[in-house]
Amino acid sequence: MALKIIVCAKQVPDTNEVKIDPVKNTLIREGVPSILNHDDANALEEALKIKDQYPDTHITVVTMGPPQAKDLLIECLAMGADEGILVSDRALGGSDTWATSNALTAAVKKIGKFDILFAGRQAIDGDTAQVGPQIAEKLGFPQVTYVKEFSMNEKNITVKRALEDGYEVIQLQMPCVLTTIKELNTPRYMTIGGIYDAVKRDIPTWGARELEIDLNTVGLDASPTNVFRSFTPAPKGKGMMLECDCEKDTAKVLLEKLVEKHVIS
Ligand SMILES: Cc1cc2nc3c(=O)[nH]c(=O)nc-3n(C[C@H](O)[C@H](O)[C@H](O)COP(=O)(O)OP(=O)(O)OC[C@H]3O[C@@H](n4cnc5c(N)ncnc54)[C@H](O)[C@@H]3O)c2cc1C
């Protein structure tokens, strides 16, 4: 089987504790190293596992971001992807999730027919988990989110979808969109040979013109989301261990503490 797989991957700051500019209400990215978003590494790994099974499979990784997001594509190529495409243009700056998925959907359409599109469940910076499902909706293809197990044969794909209290087993046909979580697999490392080859590769950059996208659907002005306020939540107080001789005493002390803190009266 010669499958065509697209992986959407985002370059994100390497921290969960990014600082926020109090005036602009945007993330301060300066000085913070960038990495391949964790869930997207799982997305690529699953695509690579399919390629291990069906070697004629072709994997295209697409990322939208500033010019330095090219480094992410080099990393993906060094892991084993066949092609990387950078979607980058000033006209796309300030896009919210709706505008981002418009640009990525246009890029996916330009790449052409595919069998599976993988995206991560969630980006660790924006954290909305909206972009993958939005792309699926805009393409009109079936989607399954939170994929934690994947298997396929010539006809069907079978996935386990994680739920809070269990899982669903879903069978679907290609083409489809799947969003992945970390339980799905362990991403492989880049190989030395892969890095050597990847840095020499030509990575095309597509801007608004190449995407032939309506400029009223991308960028800050086209973004329906408004961020009114961003803030860093105050750190939670330290936890407290109640150690008494018996459960009855523990319950009594717990009760007193809750009354003292006005949690109960
Ligand atoms: C008003 C507004 C203005 C914004 N301005 C900016 C800005 O100027 N610069 C900026 O960097 N961000 C900006 N953002 C944030 C930006 O909209 C989100 O980072 C972006 O839409 C992705 O959303 P997310 O991070 O929540 O991703 P999620 O929806 O959580 O991501 C899910 C998955 O979708 C895929 N995906 C998401 N984003 C990309 C991408 N860029 N390329 C490839 N795959 C992707 C990945 O597979 C990812 O795992 C802005 C947001 C708002 C609301």
Side-chain angles (χ1 to χ4, degrees), residues 5-13 15-16 18 20-21 24-30 32 34-47 59-73 75-76 81 83-108 110-111 114 116-139 143-147 177-182 184 187 203 205-207 211 213 217-230:
I5 301 181
I6 298 175
V7 177
C8 290
K10 185 183 180 192
Q11 196 179 44
V12 292
T15 175
N16 281 317
V18 282
I20 292 168
D21 184 319
K24 292 194 220 152
N25 273 341
T26 51
L27 302 182
I28 301 171
R29 291 169 193 266
E30 287 78 37
V32 182
S34 297
I35 55 164
L36 168 61
N37 182 52
H38 301 314
D39 288 344
D40 305 356
N42 298 106
L44 176 58
E45 174 58 30
E46 206 56 32
I59 303 172
T60 306
V61 180
V62 58
T63 190
M64 171 173 148
Q68 57 268 30
K70 198 174 168 186
D71 295 347
L72 167 145
L73 294 170
E75 183 178 344
C76 295
E83 193 184 3
I85 290 165
L86 174 63
V87 174
S88 192
D89 193 318
R90 280 189 178 278
L92 308 177
S95 291
D96 67 358
T97 63
W98 182 78
T100 299
S101 63
N102 284 339
L104 286 172
T105 302
V108 167
K110 188 172 161 67
I111 293 167
F114 67 86
I116 307 172
L117 186 147
F118 283 111
R121 172 202 47 176
Q122 199 159 349
I124 58 169
D125 56 348
D127 229 13
T128 64
Q130 291 176 359
V131 171
Q134 286 180 1
I135 294 172
E137 278 299 310
K138 287 169 187 174
L139 292 170
Q143 61 171 301
V144 179
T145 53
Y146 292 73
V147 171
V177 176
L178 305 174
T179 79
T180 58
I181 58 175
K182 68 172 189 298
L184 180 61
I203 295 179
T205 302
W206 292 349
L211 295 177
I213 196 162
T217 62
V218 289
L220 186 62
D221 292 343
S223 294
T225 318
N226 282 309
V227 180
F228 289 107
R229 194 165 72 94
S230 305

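The analysis underlying the following values was restricted to heavy atoms, covering all of them including side chains, and did not include hydrogens, waters or symmetry mates. As the structure lists them, so they are numbered: ligands from 1, and atoms in each ligand from 1. Nothing fancy with the numbering, it's 1 onward along the sequence.
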Colleague: Tell me, which protein residue and heavy-atom name are nearest atom 26 (O) of ligand 1, and how many Å apart are they?
Modeller: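 Nearest protein contact, heavy atoms only, for atom 26 (O) of ligand 1 is Thr128 OG1, 2.5 Å.
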Colleague: Within ligand 1, which atoms have a heavy atom of Asn37 less than 4.0 Å away?
Modeller: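 Those atoms are 49 (O).
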Colleague: Quick one: CZ on Arg121 to CG on Asp40, what's the gap to the nearest 0.5 Å?
Modeller: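 Nearest 0.5 Å value for the CZ-CG distance: 11.0 Å.
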Colleague: Check Ala107 against Leu211 and note the closest heavy-atom contact, atom names and distance.
Modeller: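 Looking at all heavy atoms of both residues, the shortest contact is CA-CD2, 3.6 Å.
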Colleague: Please list, in number order, the atoms of ligand 1 under 4.0 Å from a heavy atom of Thr97.
Modeller: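 Atoms satisfying the 4.0 Å criterion: 17 (O), 21 (O), 23 (O).
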Colleague: What pair of heavy atoms forms the shortest contact from Leu86 to Pro66, and how long is it?
Modeller: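 Closest pair (atom of Leu86, atom of Pro66, distance): CD1-O, 4.0 Å.
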Colleague: Between the candidates Cys8, Ser95, Gly126, which shows the shortest non-hydrogen contact distance to atom 15 (C) of ligand 1?
Modeller: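 The option holding the nearest heavy atom is Ser95.
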Colleague: Check Met64 against Ala103 and note the closest heavy-atom contact, atom names and distance.
Modeller: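 Shortest heavy-atom contact: SD-CB, 3.6 Å.
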Colleague: Please report which non-hydrogen protein atom sits nearest to atom 53 (C) of ligand 1, along with the residue it belongs to and the distance in Å to one decimal place.
Modeller: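 Nearest neighbour among protein heavy atoms for atom 53 (C) of ligand 1, to 0.1 Å: Asp96 CB, 3.4 Å.
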Colleague: Nearest non-hydrogen atom to atom 33 (C) of ligand 1 belongs to which of Ala41, Gly120, Pro133?
Modeller: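 Going through Ala41, Gly120, Pro133 one by one, Gly120 has the nearest heavy atom to atom 33 (C) of ligand 1.
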Colleague: Taking all heavy atoms of Leu73 and all of Ile203, pick out the closest pair and write down the distance.
Modeller: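 The answer is CD1-CG2, 3.6 Å.
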Colleague: Run through Thr179, Leu178, Thr180 and flag the one making a side-chain contact (heavy atoms from CB on, under 4.5 Å) with Val144.
Modeller: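 For Val144, the side-chain contact (heavy atoms from CB on, under 4.5 Å) check succeeds only for Leu178.
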Colleague: Would Thr225 count as being in polar contact with ligand 1, using the rule that some N or O on each side must be under 3.5 angstrom apart?
Modeller: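 By distance alone, the answer is no.
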Colleague: For Asn37 and Gln122, indicate whether the former's side chain and the latter's backbone hold a donor-acceptor pair under 3.5 Å.
Modeller: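 Pair found, side chain donor or acceptor close to backbone of Gln122.
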Colleague: Nearest to atom 21 (O) of ligand 1, what protein heavy atom do you find, and at what distance?
Modeller: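 Sorting protein heavy atoms by distance from atom 21 (O) of ligand 1 puts Thr100 OG1, 2.9 Å first.
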Colleague: Starting from atom 18 (C) of ligand 1, which protein heavy atom do you reach first, and at what distance in Å?
Modeller: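 Answer for atom 18 (C) of ligand 1: Lys10 NZ, 3.9 Å.
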Colleague: If the cut-off is 4.0 Å to any non-hydrogen atom of Thr63, which atoms of ligand 1 fall inside it?
Modeller: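 Those qualifying, in numeric order: 42 (N), 43 (C).
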Colleague: Specify the closest pair of heavy atoms between Ser223 and Ala99, including all atoms of both residues, with the distance to one decimal.
Modeller: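 In this case the closest contact between Ser223 and Ala99 is OG-CB, 3.7 Å.
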Colleague: Within a distance under 4.0 Å of any heavy atom of Arg121, pick out the atoms of ligand 1 and give their elements.
Modeller: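 This gives 32 (C) as the contact atoms.
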Colleague: Note the single closest protein heavy atom to atom 11 (O) of ligand 1, along with its residue, its atom name and the distance in Å.
Modeller: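 For atom 11 (O) of ligand 1, the nearest protein heavy atom comes out as Arg29 NH2, 3.4 Å.
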Colleague: Could you list which atoms of ligand 1 come closer than 4.0 Å to a heavy atom of Asp125?
Modeller: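 That gives atoms 25 (O) of ligand 1.
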Colleague: For Gly219 and Ser95, which heavy atoms make the closest approach, and how far apart are they?
Modeller: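 Looking at all heavy atoms of both residues, the shortest contact is N-OG, 2.9 Å.
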Colleague: Among protein heavy atoms, which sits nearest to atom 43 (C) of ligand 1, and what does the distance come to when rounded to 0.1 Å?
Modeller: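 Of every protein heavy atom, Ala9 O, 3.1 Å lies nearest to atom 43 (C) of ligand 1.
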Colleague: Give me the residue, atom name and distance of the protein heavy atom closest to atom 27 (O) of ligand 1.
Modeller: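 Checking every protein heavy atom, the shortest distance to atom 27 (O) of ligand 1 gives Ala123 CB, 3.4 Å.
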Colleague: Has Leu104 got any heavy atom lying under 4.0 angstrom from an atom of ligand 1?
Modeller: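 For ligand 1, residue contact (heavy atoms, under 4.0 Å) with Leu104 is present.
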Colleague: Start with the C-alpha gap between Gln68 and Ser34, add the side-chain angles, then the distance that decides, and say whether side chain to side chain donor-acceptor pair (under 3.5 Å) holds.
Modeller: CA-CA 9 Å; Gln68 57 268 30; Ser34 297; over 6 Å; no
Colleague: Does some side-chain heavy atom of Ile35 sit less than 4.5 Å from a side-chain heavy atom of Val12?
Modeller: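 A side-chain contact under 4.5 Å exists here.
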Colleague: Donor-acceptor check, side chain of Thr63 to backbone of Ala9, threshold 3.5 angstrom: yes or no?
Modeller: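 Looks like yes, one N/O pair under 3.5 Å.
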Colleague: Short N/O distance, under 3.5 Å, between Ala129 and ligand 1?
Modeller: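 It does: an N or O of Ala129 is found under 3.5 Å from an N or O of ligand 1.
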Colleague: Identify, for atom 2 (C) of ligand 1, the protein heavy atom at the shortest distance, and state residue, atom and that distance.
Modeller: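 Heavy-atom neighbour on the protein nearest atom 2 (C) of ligand 1: Gly94 O, 3.9 Å.
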Colleague: Given Gln122, Gln134, Met64, identify the one with the heavy atom nearest to atom 42 (N) of ligand 1.
Modeller: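 Looking at heavy atoms only, the winner is Met64.
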Colleague: Just which atoms of ligand 1 are under 4.0 Å from any heavy atom in Ala119?
Modeller: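 Ligand 1 atoms under the 4.0 Å threshold to Ala119: 47 (O).
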Colleague: When you measure from atom 48 (C) of ligand 1 to each heavy atom in Leu44, Asp40, Val131, which option holds the nearest one?
Modeller: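 Minimum heavy-atom distance to atom 48 (C) of ligand 1 goes to Asp40.
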Colleague: Is there side-chain contact between Trp98 and Lys138, with at least one heavy-atom pair below 4.5 Å?
Modeller: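 With C-beta onward as the side chain, the pair touches.
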Colleague: Looking at Asn102 and Val218, would you say the former's side chain and the latter's main chain have a donor-acceptor pair under 3.5 Å?
Modeller: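 Pair absent, no side-chain N/O of Asn102 close to backbone of Val218.
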Colleague: Using a plain distance cutoff, I'd like to know if Leu220 has any nitrogen or oxygen under 3.5 Å from a nitrogen or oxygen of ligand 1.
Modeller: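 Looking only at distances, the answer is no, because the N/O contact criterion of under 3.5 Å is not met.
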Colleague: Go through ligand 1 atom by atom and flag the ones less than 4.0 Å from a non-hydrogen atom of Val62.
Modeller: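 Close to Val62: 43 (C).
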